[in-house]
Amino acid sequence: MRLDIEHLRTALSAYPRIALLESATPIQKLSRLSALPTMRGCNLYVKRDDLTGLGGGGNKLRKLEFLLGEAIAAGADTLVTWGGLQSNHARLTAAVAARHGLACELILTQSPIRDDEDYRLNGNVLLDTLFGAGVHQLPVGEAAEPYALELVEQLQRQGRRTFVMPLGGSSARGSLGYAACAAEILGQADTFGLQFERIIIPNGSSGTHSGLLAGLTIAGSSTQVQGYSVLGPVGPTLDVTREKTQAVLKLLGSTAVLPTEALQIDDSQRGSAYGAPTDSMLAATRTLASQEGLLIDPVYGGKAFAGLLESVTRGDHSAGSNLLFIMTGGLPGIFAYRTAYS
Ligand SMILES: *Cc1c(COP(=O)(O)O)cnc(C)c1O
């Protein structure tokens, strides 16, 4: 199939979108790391989605471009969302609301596995308050969604026009942000005269994975997407990702049905739970930091990068393969997980 990036761009242009990124994010080669014998001649590249300026940056900004477009088109004046205490999505929703003069209410749940002082007070939580969001911290074990829906009713009674952001920004509309990223990557690869065999990402709420896969499919690209699940086990994550990818394809006017082999999800890096540090995450974080001066977060990027390093070391990819890891941001998480690194 011929590559048709323009077709993908045209399909995306049907949806309201508010620019939150300054420009295309850079793709850089990890030259020192790629030269290590253990990398078996593979060329490792990173797409720097952590270099997105607003609010400390991260992958949620791409989804928020379409979600904010949707919210403003609906006349919203207040953004409501929820997530874990150290949610990057909550932090970036707060930043985007501040930037666009909207109110923001965040409902944050406690982690069942971490409650040290850095986790409770530092990192994303600290930033949420700087952006001026209303922060509702729930007690241990209380679910966010019912609380959020009640709050929304209350706000509406006060005359506020609320827009509820989906968890992780990963509705089909939000996931369009990563279909747009697929167009961006294909355009950059074309400019460099490079073909990426594989794009590697963490999979949490599956929007990044689904958007990329849908975008690549519509553009007719043969680049594969490998997700490392950090939230759920492989079975349910496959189901959610498949369903979401089909929903994104549909939004973009495609009736394509994903072949089974197009969905690649590995949960070997998840560890005992979402947000639980693992030895391979810590080692991969140190490798990337010490070899290349780059930072990945403990919850998402660290685990996915560990998976990439393991698969390359194991010999899953032939010499000369071009592998693109998306750096999804989440730097504040390092400070919330201080005790895990020491
Ligand atoms: C949310 C998040 C992810 C996962 O993206 P999903 O679309 O939820 O799968 C990856 N990395 C970081 C830093 C994130 O905040």
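Starting from 1, each residue takes its place in the sequence as its number. When a ligand or atom number is given, it counts from 1 through the structure's own listing order.
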Test item, [X] contacting ligand 1 (heavy atom, 4.0 angstrom):
X: Pro202; value: yes
X: Gly301; value: no
X: Gly330; value: yes

Tell me: protein heavy atom nearest [atom], and distance?
atom: atom 9 (O) of ligand 1; value: Gly204 N, 2.7 Å
atom: atom 7 (O) of ligand 1; value: Lys63 NZ, 2.5 Å
atom: atom 11 (N) of ligand 1; value: Thr328 OG1, 2.6 Å
atom: atom 1 (C) of ligand 1; value: Lys60 NZ, 1.4 Å
atom: atom 8 (O) of ligand 1; value: Ser205 OG, 2.5 Å

Practice task
Report the part of Ser206 (side chain from C-beta onward, or backbone N, CA, C, O) that has a heavy atom under 4.0 Å from ligand 1; answer both or neither where that applies.
Solution key: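 For Ser206, the contact with ligand 1 is made by the backbone alone.
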Handout entry: Region of Asn59 engaging ligand 1 - heavy atom pairs below 4.0 Å
Key =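 Under 4.0 Å from ligand 1, Asn59 contributes side-chain atoms alone.
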Exercise for the section: Within a distance under 4.0 Å of any heavy atom of Gly329, pick out the atoms of ligand 1 and give their elements. Expected result: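 Listed by number with element: 13 (C).
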Exercise for the section: Output yes when Arg114 and Asp116 qualify as a salt bridge under the 4.0 Å nitrogen-oxygen rule, no when they do not. Expected result: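 A salt bridge is present here (some side-chain N lies under 4.0 Å from a carboxylate O).
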Practice task
Would you kindly check if the NZ (Lys) or CZ (Arg) of Lys60 is within the cone defined by 45 degrees around the ring axis of Tyr300 and under 6.0 Å from the six-membered ring centre?
Solution key: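 Yes, Lys60 and Tyr300 form such a contact.
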Problem - Quiz item: cation-pi between Arg173 and Tyr15, 6.0 Å / 45° - result: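 No, Arg173 does not lie over the aromatic ring of Tyr15.
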Problem - Polar side chain donor-acceptor pair, Ser229 to Asn203, under 3.5 angstrom - result: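 The answer is no; no qualifying pair exists.
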Practice task
State whether the shortest distance between N or O atoms of Asn88 and N or O atoms of ligand 1 falls below 3.5 angstrom.
Solution key: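 Indeed, backbone or side chain, Asn88 has an N or O that close.
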Handout entry: Whichever hydrophobic residues join Leu121 through chains of side-chain contacts under 4.5 Å
Key =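 The other cluster members (ILVMFWY side chains, heavy atoms under 4.5 Å, direct or chained): none.
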